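Report on one structure; see the data block that follows.
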Amino acid sequence: MRYDFDRIVPRRGTGSLKWDACPEPEVLPFWVADMDFITAEPIREALIQRAQHGIYGYAAIPDAYYDAVIRWFESRHGWKIEREWILPVTGVIPALSASIATYMPQGGKVLVQSPAYNHFFISLEQNGCEAVSAELIRVGDTYRMDFDALEEKASDPEISLMVLCNPQNPVGRIWSRDELRRVGEICLKHGVTVVSDEIHCELAAPCRAYVPFATVGEEIARNSIICVSPTKPFNMAGVKIANMVIPDPDIRERVHKTVEQREIGGPGPFGIDALQAAYSAGGAEWLDELNVYISDNYEFMRDYIQKYLPAFPVMKLEGTYLVWMDCSAFGMTSKELEDTLKAEAKIWLNAGTMYGPGGEGYMRWNIACPRATLEEGLRRFRAFAEKAGIR
């Protein structure tokens, strides 16, 4: 491999949320979803070149930016995007919030599938909305959608919006074309527009393929708002850049008005340049190697748990770098376990309850780190479990 993902880059004391949010220097963080890898060389070079220019004023988005987005998604994912569909914004979370505000300006019910990304619930609450969950169903070491529950919830005339997570955070599913098509058909039938968070779309295990929601049917695409960004897969979350892809002109006009009202458009020059560098041949090379490394990390973790910690099964990881672990054997709430692990084992995991109904008893691990860091985290977890008499 060209890139050294085993290299440990010290981040404590750099203003890193992941590493500096906990004042105890002994704690290893496996919580918030950013990676401990140096990002792709083309991105670093683009940012250095922009910084060296020395003037960082308002930025116009060049044709090359739109061309990069269009070329990337067509060549890599078979998704043909028209330029006018693309609405650049400062981030996926602001994009989700703007979508919610567009459809639910006075609040109301919004459909989700939990456990789901915690910011769905935060954005809904901040917009005065109620999350209505069609909970995912665990089957062995994976999850499936409950289409009966989805149909029932979507039939509620008070629901006009669904927030979808594709690939799914935190349970690690990459939804199949058939699954997504069925979601799209149910939502069309009941007049529910789908806003799909696809920020993890580039993070797929070998032999797995992400399916853009907007590719499962033309009518379904016209009933959707797709949110994408290179920030998560290329480890540049601090560089604010994302795109809303909206095929339907009426929906696009409505959302655009909300984006302007909330002043979340107009990304800065660093984000514009970083995206173009990410969506390049060099970025693709780095990403391909990253996905292999994350897959190997997962295999290492799964084998370690099967050997030493069989009471704590992990779900199959198809996409993302976030591993969902069943910790119900401890017999404490997920929040209690998060706090106890931080205090006693010196590791920081995310409590499953922050991901909504169905999250109790689970913890989320971020395994986008050097293998040595992951191994030490697992060793500490094992020591804690053995002290509690559980294996």
Side-chain angles (χ1 to χ4, degrees), residues 17-19 21-22 24 26-36 113-122 133 135-143 165 167-173 200 203 294 297-369 373-391:
L17 175 65
K18 181 179 183 179
W19 284 84
C22 182
E24 295 186 49
E26 302 87 1
V27 173
L28 285 180
F30 298 94
W31 65 294
V32 69
D34 78 10
M35 299 189 277
D36 291 325
Q113 294 171 299
S114 64
Y117 179 41
N118 59 300
H119 265 283
F120 290 0
F121 303 102
I122 295 170
S133 180
E135 287 186 38
L136 301 173
I137 299 172
R138 178 176 164 183
V139 181
D141 64 352
T142 191
Y143 280 77
C165 199
Q168 216 281 347
N169 167 19
V171 306
R173 275 296 314 275
H200 290 277
L203 297 161
I294 290 172
N297 261 4
Y298 171 73
E299 296 294 331
F300 174 84
M301 180 180 189
R302 185 195 60 186
D303 292 347
Y304 188 100
I305 288 168
Q306 288 176 347
K307 184 175 182 180
Y308 299 112
L309 296 161
F312 305 98
V314 293
M315 302 303 106
K316 187 182 300 182
L317 187 66
E318 299 176 349
T320 81
Y321 48 73
L322 305 165
V323 178
W324 194 236
M325 173 187 272
D326 183 344
C327 291
S328 56
F330 281 121
M332 63 177 81
T333 69
S334 294
K335 182 55 182 168
E336 289 172 339
L337 182 57
E338 177 182 337
D339 294 339
T340 306
L341 285 170
K342 196 187 302 184
E344 298 183 17
K346 305 301 180 185
I347 56 174
W348 189 353
L349 310 180
N350 280 134
T353 43
M354 70 190 300
Y355 306 102
E360 185 58 86
Y362 293 85
M363 304 296 287
R364 193 190 77 168
W365 289 72
N366 172 356
I367 65 166
C369 59
T373 304
L374 176 60
E375 185 173 9
E376 175 60 17
L378 288 168
R379 186 197 66 77
R380 294 183 188 187
F381 186 93
R382 176 187 174 189
F384 175 82
E386 289 179 345
K387 185 178 178 181
I390 306 172
R391 293 188 59 184

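Everything quoted here is computed from the prediction, not taken from an experiment. Note: hydrogens, waters and symmetry copies are ignored here, and every other heavy atom, side chains too, is used.
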Side-chain donor-acceptor pair under 3.5 Å between [X] and [Y], yes or no?
X      : Y      : answer
Asp36  : Trp19  : yes
Ser334 : Glu360 : yes
Tyr143 : Trp324 : yes
Asn350 : Tyr355 : yes

Give the minimum heavy-atom separation between [X] and [Y], together with the two atoms involved.
X      : Y      : value
Pro313 : Met315 : O-CE, 4.1 Å
Ile390 : Ala311 : CG2-CB, 3.9 Å
Met35  : Ala368 : CG-CB, 3.2 Å
Gly358 : Pro115 : O-CG, 3.9 Å

So Phe381 and Phe312, would you call those rings parallel, tilted or perpendicular, with 30° and 60° as cut-offs?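 Judged by the thresholds at 30° and 60°, the geometry between Phe381 and Phe312 is perpendicular.
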For the NZ atom on Lys346, are there more than 12 heavy atoms of other groups (residues, nucleotides or ligands in this structure) within a distance under 6.0 Å?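 Check passes, neighbour count above 12.
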Say whether, by atom type as modelled, one donor and one acceptor occur between the side chain of [X] and the main chain of [Y] under 3.5 angstrom.
X      : Y      : result
Asn169 : Leu322 : no
Lys18  : Asp34  : yes
Asp326 : Val314 : no
Tyr362 : Val171 : no
Glu135 : Ser114 : no
Glu24  : Val27  : no
Arg138 : Gly140 : yes

Does the ring of Tyr308 carry Arg382 above it, NZ/CZ under 6.0 angstrom from centre and within 45° of its axis?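 Because its charged atom sits under 6.0 Å from the ring centre and within 45° of the axis, Arg382 does stack over Tyr308.
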To the nearest 0.5 Å, what is the distance between [atom1] on [X] and [atom2] on [Y]?
X      : Y      : atom1 : atom2 : answer
Cys327 : Leu309 : SG    : CG    : 9.5 Å
Ile294 : Met301 : CD1   : CE    : 13.5 Å
Leu378 : Lys307 : CG    : NZ    : 13.0 Å
Glu336 : Leu341 : CD    : CG    : 11.5 Å
Ile137 : Thr142 : CD1   : OG1   : 12.0 Å
Glu375 : Arg380 : CD    : CZ    : 12.0 Å

Aromatic centroids of Phe330 and Phe384 separated by under 6.0 Å: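 When the ring centroids of Phe384 and Phe330 are compared, they turn out to be within the sub-6.0 Å range.
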Residue pair Arg364, Val323: steps toward the side-chain contact (heavy atoms from CB on, under 4.5 Å) verdict: CA-CA 6 Å; Arg364 193 190 77 168; Val323 178; over 6 Å; no
So Leu28 and Phe30, side-chain contact (heavy atoms from CB on, under 4.5 Å) or not? Walk me through it. CA-CA 7 Å; Leu28 285 180; Phe30 298 94; 3.7 Å; yes
Does the side-chain contact (heavy atoms from CB on, under 4.5 Å) test come out yes or no for Ile122 and Tyr117, once each step is laid out? CA-CA 9 Å; Ile122 295 170; Tyr117 179 41; over 6 Å; no
Report yes if the side chains of Leu136 and Gln168 come closer than 4.5 Å at any heavy-atom pair, otherwise no.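 In short, these two side chains touch, coming nearer than 4.5 Å.
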CA sep, side-chain torsions, deciding dist, call: Cys22, Lys342, side-chain contact (heavy atoms from CB on, under 4.5 Å): CA-CA 9 Å; Cys22 182; Lys342 196 187 302 184; 4.2 Å; yes
